[in-house]
Amino acid sequence: MNIVIRKDQWINLAIIASALWFIWFASTHFDEYTVRILNNIAIFTILAVSYNLINGVTGQFSLEPNGFVAIGAYVTALLLLDADAKDYQFDIESPYPWVLGLQANFVWALFFAGTFSSLLALTLSFPVFRVRGDYLAIVTLGFGFIIRILAINNPEITNGSLGLNDIPEFSNLYWTGGIAILAVWGILNIVNSKYGRAMKAVRDDEDAAIAMGVNTFKIKTFAFCTSAFLEGVGGGLLAALLTSISPDLFTFFFTFQLLIIIVLGGLGSTTGAVIGTVLVIGGAEWMRFLDEPMNFGLFVTPAMPGMRMVVFSLILIFVMLFAREGIMGKRELKDLFKKGKK
Amino acid sequence: MILELKGVTKKFGGVTAINNTTFTVNSKEIYGLIGPNGAGKTTMFNIITGNYQATDGEVVFRSEKLNGLKPHTIVRKGIARTFQNIRLFKTMSVMDNVLIGFDFQANYTYFESIFRFPRFFGEEKRIRKRAIEILDYFGIAEFAEHKATDLSYGQQRKVEIARALATNPAMLLLDEPAAGMNPAETKELAHLIRTAREDFDLTVLLIEHDMKFVNQLCDKVLVLDYGKTIFEGKPSDAIKDKEVVAAYLGDFAHD
Amino acid sequence: MINVKDLHVYYGLIEAVKGISFEVEEGQIVSLIGSNGAGKTSTLEALLNNVKKTGEINFSGFDTVNHKTHSLVQRGLSLVPEGRRVFINLSVEDNLRMGAFNNDENYERLKDVMYGLFPRIKEKRLQMAGTLSGGEQQMLAISRALMSEPKLLMLDEPSLGLAPKIVGEVFEIITRLKEEGITILLVEQNAFAALRISDYAYVLENGKIAMQGIAKDMIGDDEIRKKYLGG
Amino acid sequence: PMSGPLAAYGQTTYDGIVLAQKLQPTLKNGDTVKLVLVDNKGDKVETATSTTRLISSDKVTAILGALTSTNTAQVIAIADKKQIPVIAPAATNDKLTMRRSFANRVCFADSFQGKVVANYALKDLGLKTAVVIVDQAQVYSLGLSKAFKKAFEKGGGKVIKKLKITSGDKDFKAIVSQIKTMNPDFIFLPLYHPEASMIARQSKQIGLNKPMFSGDGVANQTFIDLGGKAVEGYMFTDFFDYSAPPTQKSKDFIAAYSKETGKNELNSFTALGADTYFLLVDAMNRCSDPSDSICVNKEIKASKGFEGVSGIINMDKTGNATRSAVIKVITNGKAIYKTTVNP
Amino acid sequence: MNFLEFMQQMVNGFSLGSMYALIAIGYTMVYGVLRLINFAHGDIMMVGAFLGYFGMAVLGLPFVAAVFLAVVGSSLLGMLTDKVAYKPLRDAPKISLLITAIGISFFLENIFNVLFGGTPRPFPVPEYMEHIINISGLIFSVASLMVPIVTLLLLTIILWVLYKTKYGMAIRALAFDVNTVNLMGIDANRIIMLVFGMGSGLAAVGGIFWAVNYPSVEPMMGVLIGLKAFAAAVVGGIGSVGGAVIGGFIIGFTEVVVVAFLPEYGGYKDAFAFVLLILVLLFKPTGILGINFDKSRF
Ligand SMILES: Nc1ncnc2c1ncn2[C@@H]1O[C@H](COP(=O)(O)OP(=O)(O)OP(=O)(O)O)[C@@H](O)[C@H]1O
Ligand SMILES: Nc1ncnc2c1ncn2[C@@H]1O[C@H](COP(=O)(O)OP(=O)(O)OP(=O)(O)O)[C@@H](O)[C@H]1O
Ligand SMILES: [Mg+2]
Ligand SMILES: [Mg+2]
């Protein structure tokens, strides 16, 4: 396979190279806490850019990520845990024999996680895309909900609410960061192709897109399955990072968090989604000091645990009030430089 | 003969919007569809393009029956349209708007676009070149990278027609293309449509209330009146037809 | 009736209207003509304080600057918006009812007047306005605006999308409204028809007034003929 | 968790830790113990991140928490690798401490509690058939119901049915209506207080007046407040009895607690929270270098006959606490001590 | 299963359903004017319940006065959120509005959590509400009987306002075109604010009844109820008040039926509500009584 490299691709290559260098540097020089935050950022970047593809670029107001992330996480966890570990862990009911038999290495596990998610997305797209707008939102919200309930109620496969523990910790910054770079690159490639254009056309005016010969159902399904694939992979990385998963991780708060990220970053902007991830995930960590007692010099406020979330929600409201299209709007980082030149 | 409608009827609930209408459009003809408001003209368009299904009757295009086909399939068979109110993709550039018209003509797969296979670059180059050609033809190439909705109304109309032409149609359906234009702009548009017919080898079916425009442009008109045909023939004859004057033109036509 | 001085309209950084002054005298029909994007719609919206603007507007001796759209409507300004904007999920009759929101006592009477003006919408009075054809919607929009018995009626391209016969009727109705004492500010692409029934006219170009004068004189003006009348 | 759906439990537990630190702020060597609070919002990603932060950034000697068994498992997974001891206040799942060297807890495990209830019901009350209501979403509930069923059926009892609920539910009329037709000797509700109190109320409404029994999940005043008259006669297991403080430390603590809050109905979670702190400080004091995590861990496990707020705690090698349970019954709006069960 | 038990379960479903309905109405009304899924609605309900609690437990007000306090307080809160968080975004993309709604929701949950703690507080239910009525074996409390009555009463009033008054007409018109409503000489913003007030007031009534039937209040109580009420509103056809009530009953009955007649699947109770929702939308993509807001003509 020979990949043609164009002039403007050199810039991209340079960006990718510096990102890779950063990953190496961070892995070797930063403390574990920082590395873990970076890992979270990398995984949420994958999730945010892929969620942005269906929600921002294609304009289908879907609230599904928690469902696919959960599926990816469970598939990966079940493939990575050996039969012995599973047998030991399953406490509510004993596992089905086939569950014990599942086994794969990390790469295959992630691949299966993604594939399984996207196959499910394919099946789902037939009913889901019959409805539009807010109805789509509630159907997909329901899907995520159902997945979680299934995880709780099928202890023979998922170990119920106990979740799966002791998942081998394969994820590290090379994996998460590397896949994040791939994901951003791949998604930008989609966006800058006829498929991406068609997705945007569906978002702007579905009827007009049809009138241009676009098979809008196919385009929506592509976007949905691609999102689901990466969400599955992201879920797998998350499982192998946390080493422990359980159904309560995948509530709709998980989806809301992603939604906040992509809207803050600028709905429809892939680079905006990356920026949004850094701000929300990094920012939430940074704001931890709000939970602690504060010393204002003159007086010391008592610790107000939970204050962080209050401030977080206020910031969220203010950002939306003053930057209603999010930080990047629908532009990409590249467009900003273009404007600057003019 | 390129398009033939045979006994097309469309009912909405109890309302009959089109009643047993038959007409044919010949190749390279500019065919006008006129009639009072609510006569069923737009509905007729929607039936031809597959947005609505006819309650009864047949639509035949290049000897192929279109009934039951999906709208996007019909476009690919060579029928493109514009809308009564301009409907451009508002967040996209003029160029991208036109490129959407090439969507089904670019030959690369989803997979190839993700991993940037050589074919992707080749195909993109090809359709971009053609898109520029079309924009150039309409004299709006300089706006290629502008957001489509930043253009003036007249220019947006042109983008919309350019976008439709990008689908490489044999037949173009225009729904009130001159609405909202002043007489000077209308005149320019008429000229543009006429030359485009030659240069793109088009058959045009259009709806318009501006009789001057219709007169200048159309080879033939069909006058619909609440579902039934009251006249078919030359526009210059239509103006004189008593029934047409009574139902549609009124005294106003004599300006 | 209405007196405008140095009006500017802004959309973010875009200045759509760049300092225009004009007036409409009581009992007259005044036209604003100009090509697409000249700023005609923006001017009408500005008179109703519906866009961001600066300048002085005096309506019957009343300074409108600090008043909201709805209170200006209550004072006798009324607009038939561009693109009709009927309430598509309300029936035709309910649309009229909305027009008479602050004019309950005259609703029944005015409704019949409107049905007299436009028999076509009377037939459809129980149908949802969204299922009307474009022209029918335009008729509805005009009647709706009249339901508040305005002193000044502003029409934004009322002939848009109407069949010639109806266009003729609409212009006839506008003349008749004038005779009944309603002052009219008319924005039209169909400059010919507009000028013919107007007393006075302004030509907008790129947000500025390029020309003004007695309407009848303008029809004869060469420049106008060339630019706006197409020949 | 200090925010999120389970914030209430986190907050009550944290109260205990804070008050404990207030009472005993320094080590033997005079150093002040510094508490660092991190809120995990009851969420796994946050749990992992904040645990890493505590270990690598705040360089803590030991971790107290987390609250629920799943999140505690997460904390332990990370801390175990870094050899930082964890003391869980209330995570009762049996598996939690298995195959781990740095996991400890001050509460008893599900299996013990399940046995206590089963035996008490069978032998002391002579109840032979039970309906169990399980909260599918709570590890605590799943573990306890399983342990109970095992012990109850071993002792000759019969579990007629396990009915499933999900925490957050409020309406149990359909469930209690069903139980009424099943007519069991008693109902076992291994639940937390919000659900248990609602079930008790709705049972009384439809005239279902069977004995009800819960674990420590309802061992707090809130349960009685929420249940009102409907929980009269309700039985549950608890760690200790605040009205008859088992140790001197309990007495002191309860005194301090009522000074602080004006109440003396000390919540078990608060007591257990305090005990994690006291146990840790005690272990640290026994190390020459109190910040040596490995030594601290060893000493935690070596704690025998430790006098805690919630009673005498004997730690074993696996990090589990061997301790007695008490059984209480709610009478006239007060939880009245009935009996103590020793392991 | 005997007839009595069946009837008992139906009574249970009816009372639960009407509670969902009550809350779903508010959702649907706000959606009707702003086309906004007001994620904060469940939390306004929570605030309403808290206000009722404070009114009775702290201020010692009688029940009716506490309800009044809660309704007024929540209405004001609803109008305030509209003014602060939604009104400045009238012409912004809907999704921005949605995010501020989520923001308000998080804010209310967390501020109540910080101020009052997450521990549930017992709601002081008046004696007569807990009174049990027994009609030949069918058992229900006065409170659970009152909810359907109040719901249907409020429904009637709202339907009357919506379809029989000109204000209702304006409310319906708003859904499609705020600007043009202004052109009719109507202060659209004020009407929107009133709708928020009404919707929030209803949420407060819902919250109090919820707290009377399940007597505890805590900061997160609105989340799940809000979600289900939202599902109910969608099943019924979001934007349609009658639909919200139908949807509420459907969801309520489904829950009871699943738990009562399919106890094995009790754990799937909440999932069934959503499965049902998906099924309804498959056959009726805009819900049972829904109007298609995306209607675009060619
Ligand atoms: N989806 C629909 N449901 C119900 N009635 C409809 C629908 N679409 C169109 N109609 C009705 O069909 C008739 C024809 O409408 P159509 O839009 O085709 O008119 P038209 O000839 O294009 O008019 P105009 O010149 O005013 O645009 C009208 O009476 C309209 O009310
Ligand atoms: N909402 C808006 N945001 C940004 N720019 C706008 C907006 N509305 C109008 N404009 C710009 O303001 C200018 C004047 O527009 P306006 O609608 O007033 O013109 P017009 O004379 O009414 O044209 P037309 O004949 O097409 O109706 C145009 O350049 C237009 O692009
Ligand atoms: Mg039409
Ligand atoms: Mg205009």
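Letters go in sequence order (proteins before strands), and every chain restarts at 1. Predicted, not measured: the structure shown is a model, and the values here were computed from it.
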D:Lys146 bridged to A:Glu93 by N-O distance under 4.0 Å:
no

Highest number of heavy-atom pairs under 4.5 Å with chain D among A:Leu162, A:Leu242, A:Asp31, A:Ile152 belongs to A:Leu242

When the 4.5 angstrom heavy-atom criterion is applied to A:Ile245 and chain D, the contacting part is backbone

Under 4.5 Å to a heavy atom of chain A? For D:Val18 that would be neither

Only residue of D:Thr68, D:Asn71, D:Thr70 satisfying side chain to side chain contact (heavy atoms under 4.5 Å, CB included) with A:Ser246 is D:Thr70

One option among D:Gln138, D:Lys41, D:Lys164, D:Gln136 has the most heavy-atom pairs under 4.5 Å with chain A, and it is D:Gln136

* D:Met2 and A:Met307, any side-chain heavy atoms less than 4.5 Å apart -> no

Applying a strict 4.5 Å limit to non-hydrogen atoms, the region of A:Asn39 in contact with chain D is neither

Sequence neighbours excluded, the answer for side chain to side chain donor-acceptor pair (under 3.5 Å) partners of D:Asn267 is none

Q: Starting from the C-alpha separation in whole Å, work towards a yes-or-no answer on side-chain contact (heavy atoms from CB on, under 4.5 Å) for A:Tyr33 and D:Asp58.
A: CA-CA 10 Å; A:Tyr33 175 49; D:Asp58 296 312; over 6 Å; no

| said: Could you check whether D:Lys81 pairs with A:Glu169 (Lys NZ or Arg NE/NH1/NH2 to Asp/Glu carboxylate O, under 4.0 Å)? | reply: yes

Looking only at heavy atoms, the pair that brings A:Ser161 and D:Val139 closest together is O-CG2, 3.5 Å

Here the gap from D:Asp39 atom CG to A:Arg288 atom CZ, rounded to the nearest 0.5 Å, amounts to 6.5 Å

So, the part of D:Gln11 with a heavy atom under 4.5 Å from chain A: the answer is neither

Checked A:Thr251, A:Asp248, A:Asp91 vs chain D; the most non-hydrogen pairs under 4.5 Å come from A:Asp91

Neighbour count above 12 (heavy atom, 6.0 Å) for A:Phe318 CZ | no

Could you check whether atom NZ of D:Lys150 has more than 12 heavy atoms from other residues, nucleotides or ligands sitting under 6.0 Å from it?
no

Scored by heavy-atom pairs under 4.5 Å with chain A, the best of D:Ser57, D:Ser141, D:Ala137 is D:Ala137

Contact list (residues 252-261 of chain A to chain D, heavy-atom gap under 4.5 Å, by number) returns none

Applied to residues 32-42 of chain A, the salt bridge (Lys or Arg N to Asp or Glu O under 4.0 Å) test, sequence neighbours excluded, yields A:Glu32-D:Lys82

Okay, D:Ser69 and chain A: the region with an atom under 4.5 Å from a heavy atom over there is neither

If one checks every heavy atom of D:Ile55 against chain A at 4.5 Å, the contacting part turns out to be neither

Pair count under 4.5 Å, heavy atoms only, with chain D: among A:Asn153, A:Val35, A:Thr243, A:Ile37, highest is A:Asn153

Review point. What's the verdict on side-chain contact (heavy atoms from CB on, under 4.5 Å) for D:Ser50 and A:Glu285, showing C-alpha distance, side-chain angles and the deciding distance?
Key: CA-CA 9 Å; D:Ser50 43; A:Glu285 269 316 302; 5.8 Å; no

Applying a strict 4.5 Å limit to non-hydrogen atoms, the region of D:Ala77 in contact with chain A is side chain

Among residues 92-104 of chain D, those lying within the under-4.5 Å heavy-atom range of chain A are D:Asn93, D:Lys95, D:Met98, D:Arg99, D:Arg100

Whatever's closer than 4.5 Å to a heavy atom in chain D on A:Asn165 counts as side chain

The interface call for D:Thr52 against chain A, heavy-atom contacts under 4.5 Å, is both

